[in-house]
Amino acid sequence: MPSEQLQCCAICPHQNDCRRVGACVDDVNAEYLATSHARFSRLMTPAQATRCMDALKSKTTLRRIFGCSKENVIIVTPGKFRNHCKAYPEWGAEALRLAKENEKAAGIRTTTVNLKYARERSAESRRNAATCANGHVRTLENTFYVLNERNCLVRRCRDCNKNAKRARLPTEEQVRAVVVAVHHGATLTAAASASSQPALRNFFRKNPKIGNRIYTLSRANLAARLREVWRAKRLTAAPSLTQNNGEDAYEAVRRATAHLHEHERDDVMSRMFIAIGEGWLKLSEASVRVGEFLRDQRRRPRVYGDQRFSLDNPLADGSGMTWLDTKTNADRLWGLGTAEAPRKEGGF
């Protein structure tokens, strides 16, 4: 075909390929239909080739172009498209490149949509489930709600949460830090944060030798710290006991115990002096808190030597009599006062 006739084909989508072939695509199709018994041409028409290339440039996949998708844009059959790409290689290479890019983009889009639908279906099944993932029955007491990483309110199982806490273990750095701190005088509470202590307890249960050693050191450190605290309190309380040569403390205690019976006053005063020296009684509170020391004194048993006083104890004269045998009606606190007083019905 002359080059002048090829240049007049304005709608030809692949003029360079036509020049190499030496014939227009319409002429090739007409010749094929005339020499064969086929009802349709072997190659695409120029209009079909143009529509196909435009569709590929607009991100349309070959499945839609071939009519194999739900959103069809039917332009050409797969066999005719392959034949056209072979007959016009330059046009075919560009069409296949665009088709590959479109398929890749559509695959990503399809994966994203399918993942979204899968998450929705999974969330729906979990919402309607009667048990959690580990088989615990969902009840109001066994369920709580938290916000997840997507800021959505999700349901959690308390039994699963407890089991996870029991199985949680500390890191190696946390264990080393606790061991070093305890060996340097710190207690276990001070050496580990509140959030890491459950994990440490799990570790000590799995390693009882290490746990017993750490607990022993921690208790010893706590006792030493309490001794230091009490020593500091005694040092700060000593001036209140010794100031003004002890006259202030003595006068405060004497006034506070002035109303007590003389057989109890000395013991109560001694207790109050000890409390002032130990730092847990202030001179200004002596009159208010004297009742505490009196009650404590009265709770203590009255002991003569190593034997508790009792009216059933025998006398020391060897007569075989007890202290109860020496008592008369006059010694009764609720009695009549004299041995000759008449008895009352229901009394002594």
Side-chain angles (χ1 to χ4, degrees), residues 59-64 66-72 100-226:
K59 308 299 182 183
T60 304
T61 61
L62 289 178
R63 286 175 55 84
R64 296 182 61 191
F66 298 156
C68 302
S69 176
K70 293 181 180 180
E71 300 177 358
N72 295 329
K100 187 176 181 179
E101 293 179 358
N102 296 344
E103 291 292 339
K104 184 177 180 181
I108 296 174
R109 196 161 53 244
T110 304
T111 302
T112 304
V113 173
N114 291 342
L115 180 60
K116 178 183 177 181
Y117 291 155
R119 284 176 175 172
E120 291 179 357
R121 290 193 298 270
S122 177
E124 184 67 22
S125 63
R126 289 196 302 271
R127 279 194 295 269
N128 298 329
T131 60
C132 69
N134 294 321
H136 302 129
V137 179
R138 293 193 184 277
T139 60
L140 292 177
E141 296 79 10
N142 194 34
T143 306
F144 65 100
Y145 294 86
V146 296
L147 291 175
N148 63 0
E149 62 276 4
R150 295 193 296 272
N151 202 27
C152 297
L153 197 63
V154 295
R155 203 166 40 173
R156 291 289 181 264
C157 177
R158 294 188 186 277
D159 291 338
C160 295
N161 195 30
K162 291 178 183 178
N163 295 338
K165 286 184 178 180
R166 293 192 191 101
R168 190 178 302 136
L169 293 176
T171 61
E172 182 179 353
E173 292 76 12
Q174 288 177 330
V175 176
R176 289 183 181 276
V178 169
V179 171
V180 171
V182 170
H183 276 85
H184 282 78
T187 61
L188 189 58
T189 305
S193 61
S195 59
S196 62
Q197 287 189 10
L200 283 171
R201 285 195 291 269
N202 296 337
F203 176 80
F204 293 152
R205 291 192 194 100
K206 290 181 176 295
N207 303 273
K209 291 185 178 180
I210 300 176
N212 293 336
R213 177 62 176 168
I214 294 299
Y215 284 134
T216 302
L217 289 175
S218 179
R219 285 192 290 268
N221 296 339
L222 177 61
R225 182 167 298 182
L226 291 177

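Reckoned from all heavy atoms, side chains included, excluding hydrogens, waters and symmetry mates. All of these numbers come straight from a predicted model, not from anything done at the bench.
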Between D159 and N142, does the side chain to side chain contact (heavy atoms under 4.5 Å, CB included) criterion hold? Intermediate values first, please.
CA-CA 7 Å; D159 291 338; N142 194 34; 3.4 Å; yes
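Of all heavy-atom pairs spanning A192 and V178, the tightest one is CB-CG2, 4.0 Å. Nearest heavy-atom pair across A199 and P170 is O-CD, 3.1 Å. Across all their heavy atoms, C132 and R138 have their closest contact at CA-NH2, 3.5 Å. Between C160 and H136 the shortest heavy-atom distance is SG-ND1, 3.2 Å. In this structure, V137 and T131 approach most closely via the heavy-atom pair CA-CG2, 4.1 Å.
Side-chain contact between R168 and P198 is absent, with no heavy-atom pair separated by less than 4.5 Å. Within the 4.5 Å cutoff, the side chain of V182 has no heavy atoms near those of the T187 side chain. Contact check for I214 versus F203: no side-chain heavy atoms found under the 4.5 Å cut-off. Using a 4.5 Å cut-off on side-chain heavy atoms (C-beta onward), Q197 and T189 make contact. With a 4.5 Å cut-off on side-chain heavy atoms, R156 and N161 do not count as touching.
Once rounded to the nearest 0.5 Å, the distance linking CG of L222 with CG of L188 reads 11.0 Å.
Every salt bridge (charged side-chain N to carboxylate O under 4.0 Å, His left out) that R176 has, sequence neighbours left out, goes to E172. The side-chain contact (heavy atoms from CB on, under 4.5 Å) test applied to R213 returns L217, not counting sequence neighbours.
Side chain of R158 to backbone of E141: a donor-acceptor contact under 3.5 angstrom is found.
Annotation: salt bridge (Lys or Arg N to Asp or Glu O under 4.0 Å) contacts involving residues 184-204, sequence neighbours excluded, are absent.
Side-chain contact of N202 with R205: a donor-acceptor pair under 3.5 Å is present, judged by distance alone.
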